Asks: 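Before anything else, here's the structure in question.
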Amino acid sequence: MLLGWRIVHVKEGDVLRLRLDSLEVLKKENKVYIPLSDITMIVLEGNRTTITTKLLSSLSQNNVGLVICDDKYLPVGIYLPYGQYHHYSKRVIRQAEWTKEQKGLIWQSVIKQKMTNQVDYARFAGVDEDRLNLMQDLISNLLIGDTTNREGPVAKVYFDSLYGKSFTRDDENLINGAMNFGYAILRSCMARIVVGNGLVTMLGIFHHNEFNSFNLVDDLMEPFRPLMDYWVNEYVINDKQDYLSYEARLKIIEFMSQKIKIQNKKMTIDNAMQEYVASFISAIDEQDPALLVDIKLENLIGEES
Amino acid sequence: MRMLCMFDLPVDTPNEKRQYRIFRKELLRNGFTMLQYSVYYRAIQNRAGGKKYEKALKQYLPIHGEVRLISVSEKQFNDMQILVGSRSKQEELVGSKELVCI
């Protein structure tokens, strides 16, 4: 179990280095210390920050993820621990041997959770009943492995209903900017947890793009996407802004420490992801999708701290 | 919640000085920060989470002197009045925040 509970966002630091198992951030004449064992993720922005190799190696040992952003503040790179999990080879060999049946069976549950959350969020956002029914109909004949691709049409109806028919995910606007940022944060957090559990990120259960190193991460973050949509629309987007401000970016990152109920226990989204991945491993190994923890939007709404 | 460690350690002999240095370094290594001289604190998630640090410190206790440990809630800690002096940058920026922005 990974016990970190802090996310560190460094906007314009001068130097990041290690000091007695703590992260030391130097900024002008100020020094700030944060114990590494508390940290789950560090997000770095700005162009002038220096970071030491000693710190990087300690980040690995403590399973801390490091996200690096570009000039437009979008995450462009992740630094992940390598080989820190104690049973690494055994788990990867098993992962490589997952059969098509195993993967299909779990994918059906994973993607169903996502689509159900999409319907729930659309309902919350006041989308018409017939649109919701349309989505529900599509979900109801979901097959093992989603071989008939229900995911795509549901997503289409979902985004059209929320943002209008002319909306595409490729447009450059605040909604897409916020979503891209939010998904990138989700992806980085999930990548860190996947690696922390000794799985490799390339071997997915559904995603199998040969150019993507994060197929499994993209699979497992699916149910969390509509939760992020909810968060972004509820707390980040407003009429006064047309770009992704510093405050808006911080607000998006705060999503990771919101509380959600998982099997009647309240925990942060970050810890929920940890539980999710752990349950995913037993579910796929024992071919029992019922073992997969249920990520539900309704367990987030009203529970936010 | 916060765990506070308060100590008074003799530093008369070289051996006592050594034990003091080792103990203080161990405090820092476990994420404690100085509130004022001989008073250190650490943000913890809950009492169970604090056990880990209690155990770690117990391994490096000096023989003489006095060391005390207490955990207080976030509310109680923040109710602490500062009669002279002010909060450090460290307290303001890091404290017990889940999202630390620097």
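These numbers were taken from a predicted model, which means no experiment stands behind them. Order of the sequence lines sets the chain letters (A, B, ...), proteins ahead of strands, with each chain counted from 1.
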Asks: If you tally heavy-atom pairs under 4.5 Å against chain B, which of A:Asn30, A:Ile7, A:Ile42 wins?
Replies: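 If we count pairs closer than 4.5 Å to chain B, A:Ile7 comes out on top.
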
Asks: When rounded to the nearest 0.5 angstrom, what is the spacing between CG in A:Leu20 and CG in B:Asn30?
Replies: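 A:Leu20 CG to B:Asn30 CG: 10.0 Å, rounded to 0.5 Å.
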
Asks: Contact part of A:Lys11 toward chain B, heavy-atom cut-off under 4.5 Å: side chain, backbone, both or neither?
Replies: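 For A:Lys11, backbone and side chain are both near chain B.
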
Asks: Tell me, yes or no, whether the heavy-atom count around A:Lys261 atom NZ, taken from other residues, nucleotides or ligands under 6.0 Å, exceeds 12.
Replies: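 Open: at most 12 neighbouring heavy atoms sit under 6.0 Å from NZ of A:Lys261.
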
Asks: For A:Trp5 versus B:Ser96, what's the shortest heavy-atom pair and its separation?
Replies: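 It is CZ3-O, 3.7 Å.
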
Asks: Rounded to the nearest 0.5 Å, what separation is found between the CD1 atom of A:Ile253 and the CD atom of B:Glu98?
Replies: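 If I round to the nearest 0.5 Å, the distance is 13.5 Å.
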
Asks: Among B:Lys97, B:Gln90, B:Glu26, which residue forms the greatest number of heavy-atom pairs with chain A at distances under 4.5 Å?
Replies: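 Of the options given, most contacts go to B:Gln90.
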
Asks: Please report the shortest heavy-atom distance between B:Ala43 and A:Asp38, naming the atom on each side.
Replies: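 So the minimum-distance heavy-atom pair works out to O-OD2, 4.4 Å.
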
Asks: Is it the case that over 12 heavy atoms from other parts of the model lie below 6.0 angstrom from the CZ atom of B:Phe23?
Replies: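 Correct, the count exceeds 12.
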
Asks: How long is the straight-line distance from CD of A:Glu254 back to SG of B:Cys101, given to the nearest 0.5 Å?
Replies: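 Result: 7.5 Å between the selected atoms.
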
Asks: Return the OG to NZ distance between B:Ser88 and A:Lys31, rounded to the nearest 0.5 Å.
Replies: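 It is 14.0 Å, given to the nearest 0.5 Å.
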
Asks: Report which part of A:Glu45 has an atom under 4.5 Å of a heavy atom belonging to chain B: side chain, backbone, both, or neither.
Replies: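 Contact with chain B involves no heavy atom of A:Glu45 at all.
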
Asks: Could you please spell out the steps behind the side-chain contact (heavy atoms from CB on, under 4.5 Å) verdict for A:Ile34 and B:Ile102?
Replies: CA-CA 11 Å; A:Ile34 305 146; B:Ile102 300 165; 4.0 Å; yes

Asks: Between A:Pro35 and B:Arg42, which heavy-atom pair has the shortest distance, and what is it?
Replies: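 In terms of heavy atoms, the two residues are closest at CB-NH2, 3.4 Å.
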
Asks: With a 4.5 Å limit on heavy-atom distance, are the side chains of B:Tyr53 and A:Ser37 in contact?
Replies: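 Yes, close enough: below the 4.5 Å cut-off.
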
Asks: Do A:Met256 and B:Leu99 come within less than 4.5 Å of each other through their side chains, counting heavy atoms only?
Replies: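 Answer no - side chains too far apart.
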
Asks: Determine the option with the most heavy-atom pairs under 4.5 angstrom with chain B, choosing from A:Leu250, A:Val43, A:Val25.
Replies: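 Option with the top pair count is A:Leu250.
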
